[in-house]
Amino acid sequence: MIYSAYTALRRGTRPLGWLLERGHLLARGENNRWRATLAMRAAATLCELPARALKTYPKTRYEVPGEQRVVASLPFADLLNFTGDNLADKPRVLIAAALSGHHATLLQDTVRAFVQDFDTYITDWKDAREVPLAAGDFGFDDYVEYLVRFMTTLGPGTHLVATCQAAPPAMVAAAILAEQDPAHAPVSLTLMGGPVDTSAASKLPTGLTQRLPLWLFEKGNIRTVPRGFPGSGRRVYPGASQLAGFIALNLAPHLRQYARFVRNSLKGQDDALTDFRSFYDEYFSVLDMTERFYLETLRKVFFERHIPRKVMDYRGIRVDFAAVRDLSLLTVEGANDNFCPPGQTEAAHGVFSGLAPERRRNYIQPGVGHYGVFSGSRFRREIYPVIRDFAMKSREYSVSH
């Protein structure tokens, strides 16, 4: 009922949003001789702010050099490759994108960095409301299976990089491959700002799972996809709900960004306005997750902490992380990360306890929050070189051993 009402409201306000968008474009238009006046900038601002609130944000395009091709397609994700020059000389890397409300396109900066030195692939997750019920359900183990199948498709010698929530299933996939199909196990595993052990450093939102029962998340967050979508009838955690939660838990920075937007709009700072629109066009583009994946992730990762407690199962079989030997592990954390504070991702080293000291490293980046771990200028200048050099070194280590 709530999802249906929300959808109806969004559709009903489209005419008003269209009018406000037209007003904003007219006020800023090149043919408007008064566009540089304060009065016209104010009018444009008054139109654009509510227009952006009423706007529907579709999945954005990957703005990455070269062509893009789908290598493999499964009901809930495509394996997407970014082609480039001299691919035969570049090692392969699979970027496991988080399935936590945003499209994989949120990792634009991540992909643009990796394509410089790697034959780059990404898990391009699909919006659950666009997947028909006939395609079946999707849970935590299915995410792991997708990574296993994609790694097998890419072949030996592939590196695996997981961002945020993708860290736990990527760890499981790496361990499963090491045991069942060592030839296709990742050469290196890089975990970036992921909730491996949420008790290691507790802040919002991970702290909520220590105060609220799981049934409350199910009752309060699960909705049914309404008619008009291919996945009508599917039980999901709507992306709009996840987005609202993200903003509520970290409201102050967004308020500052919008205050700057108003100031820059009134001053006519077009470059700053373009950066603002680009970021929020991507940030507000969200997808729905299946009920099963959402609740299983909450239970296994946040509430019951299966990985650090060494009780993680995959398809009914206990996962033995300590048995993994031929893997290089890098964990990357942001010093100012409020979602996955330092310590949560580093805990992966205690889980993969069988790795030699020279095959592991934890890197903490000063001055960045959660999104700065995989995007932005600090990521490009300081974090990515650490990941690249670690992967190249691990590749040489594997060859020599």
Side-chain angles (χ1 to χ4, degrees), residues 1-29 32 40-61 76 99-106 125-135 138 216-251 253-255 257-262 265-266 273-274 276-291 293-294:
M1 184 66 181
I2 293 177
Y3 201 151
S4 298
Y6 171 79
T7 302
L9 178 63
R10 301 293 294 182
R11 290 170 177 168
T13 55
R14 283 176 183 170
L16 176 58
W18 183 88
L19 288 173
L20 290 168
E21 179 68 13
R22 298 283 77 73
H24 144 64
L25 294 175
L26 285 172
R28 298 193 195 276
N32 184 349
M40 199 56 64
R41 289 173 182 164
T45 305
L46 289 173
C47 286
E48 185 171 4
L49 279 175
R52 294 190 65 82
L54 298 175
K55 178 180 177 181
T56 298
Y57 293 87
K59 178 184 177 183
T60 60
R61 293 175 54 83
F76 288 90
L99 181 51
S100 56
H102 283 106
H103 292 281
T105 49
L106 190 67
W125 300 107
K126 300 177 184 179
D127 191 336
R129 75 179 186 184
E130 302 297 327
V131 181
L133 286 175
F138 184 87
L216 191 60
F217 288 85
E218 179 178 7
K219 187 173 182 62
N221 292 336
I222 301 302
R223 303 286 179 256
T224 301
V225 177
R227 288 180 295 180
F229 297 99
S232 175
R234 183 182 294 281
R235 298 274 288 171
V236 298
Y237 176 38
S241 299
Q242 178 77 321
L243 178 62
F246 278 148
I247 293 175
L249 292 172
N250 208 25
L251 183 59
H254 295 291
L255 293 177
Q257 288 293 332
Y258 269 81
R260 291 192 193 102
F261 169 81
V262 172
S265 183
L266 294 176
L273 298 181
T274 298
F276 174 90
R277 296 183 190 114
S278 177
F279 174 79
Y280 279 103
D281 282 354
E282 182 62 63
Y283 189 72
F284 289 156
S285 176
V286 293
L287 53 73
D288 295 353
M289 293 171 275
T290 65
E291 174 186 29
F293 176 78
Y294 171 68

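The analysis underlying the following values was restricted to heavy atoms, covering all of them including side chains, and did not include hydrogens, waters or symmetry mates.
- Screening residues 12-21 for salt bridge (charged side-chain N to carboxylate O under 4.0 Å, His left out), with sequence neighbours left out, gives no hits.
- Aromatic pair W125/F293: centroids not less than 6.0 angstrom apart.
- Contacts of S265 classified as side-chain hydrogen bond (donor to acceptor under 3.5 Å, both in side chains), with partners at least two apart in sequence or in another chain: R28, T45.
- For F284, the ring-ring contact (aromatic ring centres under 6.0 Å, His included) criterion is met by Y57, Y280, not counting sequence neighbours.
- Here R235 pairs with I222, T224, E291 under the side-chain contact (heavy atoms from CB on, under 4.5 Å) rule; sequence neighbours left out.
- Remark: R52 pairs with D281 by the salt bridge (Lys or Arg N to Asp or Glu O under 4.0 Å) rule, at least two apart or across chains.
- Checked against side-chain contact (heavy atoms from CB on, under 4.5 Å), L54 has the following partners two or more places apart in sequence or in another chain: T13, L16, L20.
- For R277, the salt bridge (Lys or Arg N to Asp or Glu O under 4.0 Å) partners at least two apart in sequence or on another chain are E48.
- With hydrogens and angles ignored, the 3.5 Å screen pairs a side-chain donor or acceptor of S285 with a backbone N or O of P58.
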Going through the checks in order, is the side chain to side chain contact (heavy atoms under 4.5 Å, CB included) test met by L243 and H102?
CA-CA 8 Å; L243 178 62; H102 283 106; 4.2 Å; yes

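- The two residues A51 and G17 make their nearest non-hydrogen contact at CB-O, 4.2 Å.
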Start with the C-alpha gap between V131 and F138, add the side-chain angles, then the distance that decides, and say whether side chain to side chain contact (heavy atoms under 4.5 Å, CB included) holds.
CA-CA 10 Å; V131 181; F138 184 87; over 6 Å; no

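- Interatomic distance, NE2 of H254 versus CD of Q257, reported as 8.5 Å (0.5 Å rounding).
- Checked against ring-ring contact (aromatic ring centres under 6.0 Å, His included), F279 has the following partners two or more places apart in sequence or in another chain: Y283.
- Judged as a ring-ring contact (aromatic ring centres under 6.0 Å, His included), and not counting sequence neighbours, the contacts of Y237 are Y294.
- Rounding to the nearest 0.5 Å gives a distance of 9.5 Å between NZ of K59 and CD of E282.
- By the side-chain contact (heavy atoms from CB on, under 4.5 Å) test, R22 pairs with W18, L25, sequence neighbours left out.
- Under the rule for a side-chain contact (heavy atoms from CB on, under 4.5 Å), the partners of D127 that lie at least two apart in sequence or sit in another chain are R129, E130, L287, D288.
- Of the inter-residue distances, the one linking F217 atom CZ with S241 atom OG reads 13.0 Å to the nearest 0.5 angstrom.
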For the pair M289 and L99, evaluate side chain to side chain contact (heavy atoms under 4.5 Å, CB included) and give the outcome as yes or no after the intermediate values.
CA-CA 7 Å; M289 293 171 275; L99 181 51; 4.1 Å; yes

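- Judged purely by atom type and a 3.5 angstrom limit, R227 has no side-chain atom pairing as donor or acceptor with the backbone of S232.
- Using modelled atom types, one side-chain atom of R10 and one backbone atom of K55 make a donor-acceptor pair closer than 3.5 Å.
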Run S100 and Q242 through side-chain hydrogen bond (donor to acceptor under 3.5 Å, both in side chains) and show every step you take.
CA-CA 8 Å; S100 56; Q242 178 77 321; 4.8 Å; no

